[in-house]
Amino acid sequence: MNTQELINTARALVADDKGLLAMDESNPTCNKRFAKLGIPQTEEARRDWRELIVTTPGLGECISGAILYDETIRQRKKDGTPLIQAITAAGIITGIKVDTGAKDMAGHPGEKITEGLDGLRDRLKEYFQMGARFAKWRAVIALGEGIPSRGCIEANAQALARYAALCQEAGLVPIVEPEVLMEGEHTLAQCFEVTEEVLRTIFHHLYIQRVMLEGIILKPNMVLPGLACQVQETVDEVADATVQCLLRAVPAAVPGIAFLSGGQSGELASARLNAMNLRFKLRHPWALAFSFARAIQQPAMEIWSGRDANVKTAQHALLQRARCNRAARRGEYSAAMEVTGR
Ligand code: 13P
């Protein structure tokens with residue numbers, strides 16, 4: 001393990017007010033999103049979409065790293081250039097999703113455990129040789145009647161820590177992603193409590209597994225009320241709760257926190273990230289960044305809808321969302337940017 005390289009990569013991922021673009025949807029998830037827009041669910045269409053993303057002019061000004069899926073990292077552009085080469089040429093660091101999905105957890109109805117540790121050491125070695133410099137593993141925590149259980153939180157935290165240790169051994173910065181889901185009637189206070197417990201448990205296991213905190217990026221949910229909760233707090237209230245929760249549970253040695261969007265609209269995700277950076281300027285020890293999938297891709301995917309003629313307009317929409325999020329890192333985002341893109 002080259003400690004300094006890991007630290008350099010982790011820092012580079014959150015440098016210059018940039019953030020990450022998650023484009024690592026598994027084939028079933030990508031197909032589901034395509035199906036809603038009438039896009040063919042084929043390997044070629046998935047390639048075309050990912051090629052559209054990574055060839056967006058200027059993307060590297062706002063995006064430091066792109067997270068790919070196994071199929072994508074092996075794909076080539078239509079002209080034969082490997083996609084990974086196009087990503088590097090854009091000044092973007094290549095990352096790779098390495099978990100194999102969240103599966104029903106035995107003995108824990110309604111809860112999931114993320115799998116993928118078997119054979120992981122060899123897969124990481126191959127991804128590093130292909131040019132990847134960071135990886136991602138997503139754990140899913142649902143809120144509901146009697147859940148999450150301690151068993152689910154512990155098992156997912158331990159898996160995340162074992163994954164992170166293997167990544168660092170292989171020279172890849174682990175993105176540690178625990179997602180407390182938005183689905184449900186729970187309040188913001190309940191999301192706060194569960195998110196704090198999940199994060200504390202994860203950092204306990206990262207310590208036990210000897211993971212170097214300076215060489216990871218944390219990718220958590222924002223602290224939000226459930227989608228079906230009667231009370232929906234303001235942007236500032238969400239920002240305050242999220243940063244307060246993180247200050248309690250995330251060690252200062254971690255260089256960056258890059259939020260997932262989790263199904264929030266692009267505008268809300270940007271506004272909430274902006275409020276955190278504006279209201280807590282210089283009062284948090286880590287960079288507060290983004291690692292969005294839907295909140296960056298969705299409007300562009302809708303415009304594209306699988307048609308070559310729409311590629312340029314879709315790329316413009318993608319860049320616009322990336323720019324909005326870079327501005328949010330500086331606390332300079334405003335709703336007016338949604339119109340001008342600047
Ligand atoms: P969303 O931003 O759409 O939640 O996706 C982030 C991600 O990478 C999920 O694993």
Side-chain angles (χ1 to χ4, degrees), residues 13-14 18-34 36-37 49-50 53 62-73 92-103 112-116 132 134-142 156 159-160 163-164 167 173-184 191 195 198 202 216-224 226-227 238 242 256-273 276 288-302 318 321-322 324-326 328-329:
L13 289 173
V14 291
K18 297 183 194 179
L20 307 177
L21 171 56
M23 46 182 286
D24 60 327
E25 298 82 4
S26 64
N27 290 347
T29 302
C30 187
N31 289 345
K32 222 184 298 166
R33 291 184 190 159
F34 278 8
K36 278 194 190 143
L37 299 170
W49 173 240
R50 268 80 184 237
I53 294 176
C62 307
I63 300 297
S64 56
I67 315 173
L68 310 185
Y69 183 59
D70 182 75
E71 177 182 86
T72 319
I73 202 170
I92 296 172
I93 305 171
T94 297
I96 180 76
K97 168 194 175 77
V98 300
D99 66 71
T100 55
K103 310 284 161 58
K112 303 266 186 202
I113 176 73
T114 300
E115 295 186 349
F134 71 103
K136 183 192 107 168
W137 178 291
R138 172 173 174 258
V140 187
I141 307 290
N156 275 294
L160 272 168
Y163 138 83
C167 282
V173 167
I175 305 283
V176 174
E177 179 181 4
E179 176 170 5
V180 176
L181 296 174
M182 286 166 70
E183 282 76 24
C191 179
T195 303
V198 167
I202 286 170
I216 74 162
I217 298 290
L218 178 70
K219 174 166 173 168
N221 52 283
M222 296 183 191
V223 173
L224 301 168
L227 286 170
V238 165
T242 302
I257 296 177
F259 293 101
L260 57 93
S261 58
Q264 304 173 67
S265 69
E267 288 84 350
L268 257 186
S270 297
R272 287 164 170 164
L273 178 63
M276 288 182 223
L288 285 175
F290 55 92
S291 177
F292 299 155
R294 283 163 288 181
I296 292 181
Q297 292 186 44
Q298 198 56 34
M301 191 187 283
E302 286 167 18
L318 189 85
R321 287 252 53 81
C324 285
N325 289 310
R326 189 179 191 203
R329 280 211 52 190

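As the structure lists them, so they are numbered: ligands from 1, and atoms in each ligand from 1. Values below: every heavy atom of this structure, side chains too, minus hydrogens, waters and symmetry copies.
- Residues Pro174 and Tyr163 form a side-chain contact, since some pair of their non-hydrogen atoms from C-beta on lies under 4.5 Å apart.
- For Thr114 (side chain) and Ala102 (main-chain N/O), no donor-acceptor pair under 3.5 Å exists by modelled atom type.
- Checking side-chain atoms of Asn156 against main-chain N and O of Lys112 turns up a donor-acceptor pair under 3.5 Å.
- Under the 4.5 Å side-chain criterion, counting only non-hydrogen atoms from C-beta, Arg272 is not in contact with Thr242.
- Note on ligand 1: Gly262 sits in its first shell, one or more heavy atoms being nearer than 4.0 Å.
- The shortest contact between atom 3 (O) of ligand 1 and any protein heavy atom is with Arg294 NE, 2.7 Å.
- Closest to atom 10 (O) of ligand 1, if we only count protein heavy atoms, is Lys136 NZ, 2.5 Å.
- Taking each of Lys219, Met23, Met182 in turn, the one with a heavy atom nearest to atom 7 (C) of ligand 1 proves to be Lys219.
- For atom 5 (O) of ligand 1, the closest non-hydrogen atom on the protein side is Ala293 CB, 3.2 Å.
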**Item:** salt bridge (charged side-chain N to carboxylate O under 4.0 Å, His left out) assessment of Glu25 paired with Arg50
**Value:** CA-CA 11 Å; Glu25 298 82 4; Arg50 268 80 184 237; 3.0 Å; yes
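- Inclusion of Ser291 in the set of residues having an N or O under 3.5 Å from an N or O of ligand 1 is not warranted.
- Remark: of the listed residues Gln264, Arg326, Arg321, Arg329, Arg321 is the sole one forming a side-chain hydrogen bond (donor to acceptor under 3.5 Å, both in side chains) with Ser270.
- Of all the listed residues (Ser261, Ala102, Gly263), Ser261 holds the heavy atom that lies closest to atom 1 (P) of ligand 1.
- Heavy-atom proximity to Phe292, at under 4.0 Å, picks out these atoms of ligand 1: 2 (O).
- The closest protein non-hydrogen atom to atom 9 (C) of ligand 1 is Glu177 OE2, 3.3 Å.
- Which parts of ligand 1 touch Ala22 is read off a 4.0 Å heavy-atom cut-off, strictly below it: atoms 8 (O).
- Not a single heavy atom of Lys97 lies less than 4.0 angstrom from ligand 1.
- At least one donor-acceptor pair closer than 3.5 Å links the side chain of Gln297 to the backbone N or O of Ala22.
- Counting heavy-atom neighbours within 6.0 Å of Lys32 NZ, excluding the residue itself, gives a total of 12 or less.
- Looking at Arg33 next to ligand 1, no N or O pair under 3.5 Å apart turns up.
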